[in-house]
Amino acid sequence: MELRVDRDRCAGSGMCALTAPEVFDQDDEDGRVLLLDARPPAGPAATAAREAAGLCPAGAITARPGAEGGQRWSRPTPGGVR
C-alpha cells in the first residue's frame with residue numbers, strides 16, 4: 001500500500017494519529033497530519049492506515065495498493081475505506 005497526505009486539506013482532528021500511530025503523527029505546531037511511513041508493511045500497520053484514511057473527516061489521506069496493483073489514487077469514501 002502507498003499513502004499520501006494533503007496537509008493543506010487536513011483539519012487536524014487527529015483521527016489518523018489515534019488510529020495508526022505507527023504511520024501518522026500530528027505536527028506539534030499546527031496539529032496537521034505528518035506521514036511517518038508512506039508504505040507501511042502488510043499487516044496491522046497497513047490495516048490501521050486504511051482505517052485511518054476512511055476515518056479522516058477532511059479526506060486528507062489517500063491510499064492505494066502497492067505499485068504492482070496498477071490502480072489509480074483515490075480518496076476514501078465517507079464512512080468506508082477503499
**Report entry** Distance, nearest 0.5 Å, that separates CZ of R50 from OG1 of T19
**Finding:**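 Answer for the CZ-OG1 pair, R50 versus T19, is 13.5 Å.
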**Report entry** Approximate separation, where rounding is to 0.5 Å, of C10 SG and M15 CE
**Finding:**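 Interatomic distance, C10 SG to M15 CE, rounded to 0.5 Å: 12.5 Å.
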**Report entry** Least distance between heavy atoms, M1 atom then A63 atom
**Finding:**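 Answer, listing the atom of M1 first, then A63: SD-CB, 4.0 Å.
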Query raised in the report: For the residue pair A17 and Q26, what are the closest heavy atoms and their distance?
Result: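 Shortest heavy-atom contact: CB-CG, 4.2 Å.
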**Report entry** Set of side-chain contact (heavy atoms from CB on, under 4.5 Å) partners for A45, sequence neighbours left out
**Finding:**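 E22, V23, P40.
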Could you list the donor-acceptor pairs under 3.5 angstrom formed by side chains in residues 31-38, with sequence neighbours left out?
residue, atom, partner, partner atom, Å
R32, NE, D30, OD2, 2.9
R32, NH1, R7, O, 3.0
R32, NH2, D30, OD2, 2.9
D37, OD1, R39, N, 3.1

